[in-house]
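Structure first, commentary second.
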Amino acid sequence: MEPKVYITDCDHEHIEYETKILEKNEIEFELKQCKTEEDLIKNCQGASVLINQYAPITREVLQALSDVKLVVRYGVGVNNVDLDVASELGVQVCNVPDYGTQEVADHALAFMLAFTRGIYKMVKGVKEGEWNYQHAVPLFRHSKQTVGVIGLGRIGAAFAQKASALGCRVIAYDPKYDQEKQNRMPEFVEYKSFEDLLTESDVISIHCPLDRAQNLIGADELKKMKNNAYLINVSRGGIINEEALEQALVNKDIAGAAVDVLEKEPVAKDHPILKLDNFLCTPHMGWYSEQAAVELKEKVALEAVRFLQGEPVHYPVNDLK
């Protein structure tokens with residue numbers, strides 16, 4: 001029997017949890033390591049379901065793999081999947097939006113505290129033989145700081161709650177703001193225009209999808225920020241214009257930036273932005289904890305099982321035509 005499920009690509013250490021769930025439900029599957037459209041078309045013929053990480057799911061791929069009716073992505077973002085084409089061709093696309101909510105929010109908070117408590121400066125100074133807290137001056141009480149949150153989905157809301165617990169004033173802007181979101185907004189969050197958020201915030205943390213925020217923050221937006229403000233991105237590369245960010249950091253237009261995501265990953269080790277002391281970067285790890293990794297693996301497999309057994313999927317992304 002031909003596999004019904006192809007895991008198109010996966011850079012995790014193993015697929016133990018996916019295997020247990022698919023085998024328990026007697027579903028044939030196979031792991032490939034596809035990188036291109038050609039790889040997908042050659043290796044995934046006959047599949048009903050694609051469990052996908054990075055490989056590009058395009059019109060050419062979906063037309064060539066005409067049996068595919070479900071694509072499930074490892075993770076939240078679906079920017080490597082052509083959603084319009086999938087909807088046109090009757091292919092359901094799902095993601096796993098809730099497996100690492102607290103982890104990503106915690107990662108943003110860790111970045112924030114590294115800046116607002118001067119930790120990033122002081123650790124470096126001590127290792128270089130300095131013992132002088134004044135090199136971190138000025139630092140401010142969190143109750144006197146304004147934290148701006150861009151994007152009030154699951155992760156943005158979780159981060160806002162954590163920042164509020166520190167005593168910060170929390171303001172927010174959402175590129176997909178509507179009345180329904182306003183009605184569900186926590187009482188401790190003030191909704192602001194994008195421009196007001198830029199000018200009022202001491203820390204700005206980004207938590208929105210790339211498809212609504214490509215190049216949301218460029219040179220003009222960075223110039224509107226306070227020169228003692230910090231910018232954090234744990235969402236997707238491409239939301240911040242990286243050339244403009246590098247220039248803003250060099251010119252001290254803002255005090256610092258911390259990112260877990262970049263437009264091109266992995267970042268080149270000789271990238272000039274990595275030499276800047278006021279730039280922090282981690283390797284797209286904000287989602288990770290042992291528990292989150294297991295939850296992600298189990299949920300992609302369970303979504304495939306539900307679909308193949310004729311049950312409603314839990315995390316649909318696109319509306320089928």
Side-chain angles (χ1 to χ4, degrees), residues 102-150 159-160 162-170 197-207 217 219 221-235 237 239-289:
Q102 296 301 325
E103 284 81 358
V104 178
D106 287 347
H107 205 77
L109 186 68
F111 273 149
M112 173 179 144
L113 291 171
F115 283 137
T116 58
R117 292 304 307 153
I119 292 169
Y120 79 108
K121 284 183 180 178
M122 294 295 93
V123 169
K124 182 175 182 293
V126 169
K127 287 185 175 182
E128 292 175 349
E130 298 176 355
W131 192 266
N132 189 351
Y133 79 90
Q134 292 186 0
H135 291 172
V137 170
L139 300 178
F140 304 95
R141 285 183 178 172
H142 287 112
S143 61
K144 301 299 181 182
Q145 300 238 279
T146 295
V147 174
V149 183
I150 299 177
F159 172 77
K162 295 172 191 293
S164 177
L166 291 175
C168 301
R169 173 188 178 223
V170 180
L197 182 140
L198 292 173
T199 59
E200 293 182 26
S201 298
D202 299 297
V203 177
I204 294 175
S205 190
I206 299 171
H207 301 278
I217 295 183
E221 289 74 25
L222 290 161
K223 288 184 184 301
K224 291 176 181 177
M225 291 175 60
K226 298 178 180 181
N227 59 15
N228 64 343
Y230 299 105
L231 181 61
I232 296 166
N233 185 13
V234 292
S235 185
I239 294 175
I240 302 172
N241 182 298
E242 291 168 13
E243 289 184 9
L245 176 62
E246 182 182 347
Q247 197 60 50
L249 292 171
V250 169
N251 294 341
K252 309 292 186 185
D253 293 332
I254 63 173
V259 304
D260 187 50
V261 290
L262 288 164
E263 195 162 7
K264 185 176 180 181
E265 298 176 4
V267 63
K269 62 182 180 181
D270 60 349
H271 196 301
I273 201 170
L274 298 179
K275 298 177 182 178
L276 301 177
D277 289 340
N278 56 350
F279 178 75
L280 306 180
C281 185
T282 52
H284 205 144
M285 59 167 289
W287 64 274
Y288 174 74
S289 71

Phe111 vs Val203 side-chain heavy atoms within contact, under 4.5 Å: no
Heavy-atom side-chain proximity of Ile239 to Ile150 below 4.5 angstrom: no
Qualifying residues under salt bridge (charged side-chain N to carboxylate O under 4.0 Å, His left out), relative to Lys224, sequence neighbours excluded: Glu195
Salt bridge (Lys or Arg N to Asp or Glu O under 4.0 Å) contacts touching residues 131-140 (sequence neighbours left out): none
Straight-line distance of [X] [atom1] to [Y] [atom2], nearest 0.5 Å:
X	Y	atom1	atom2	value
Asp260	Leu280	CG	CG	11.5 Å
Arg117	His142	CZ	NE2	7.0 Å
Met225	Asp253	CE	CG	10.0 Å
Tyr230	Gln145	OH	CD	8.5 Å
Met112	Leu231	CE	CG	13.5 Å
Met122	Asn132	CE	CG	7.0 Å

Minimum heavy-atom distance [X]-[Y], with the two atoms named:
X	Y	result
Asn278	Tyr120	CA-CE1, 4.1 Å
Leu245	Ala257	CD1-CB, 3.7 Å
Ser289	Glu103	OG-OE2, 2.6 Å

Working for side chain to side chain contact (heavy atoms under 4.5 Å, CB included), residues Phe159 and Val149: CA-CA 8 Å; Phe159 172 77; Val149 183; 3.8 Å; yes
Over 12 non-hydrogen atoms of neighbours within 6.0 angstrom of CD in Glu243: no
Derivation of the side chain to side chain contact (heavy atoms under 4.5 Å, CB included) call for Leu113 and Leu166: CA-CA 10 Å; Leu113 291 171; Leu166 291 175; 4.0 Å; yes
Worked check of side chain to side chain contact (heavy atoms under 4.5 Å, CB included) between Lys121 and Glu130: CA-CA 11 Å; Lys121 284 183 180 178; Glu130 298 176 355; over 6 Å; no
Residue pair Glu200 / Thr146, side-chain donor-acceptor N/O under 3.5 Å: no
Working for side chain to side chain contact (heavy atoms under 4.5 Å, CB included), residues Leu249 and Ile254: CA-CA 6 Å; Leu249 292 171; Ile254 63 173; 3.9 Å; yes
Flag, side chain of Glu128 to backbone of Gly125, donor-acceptor distance under 3.5 Å: no
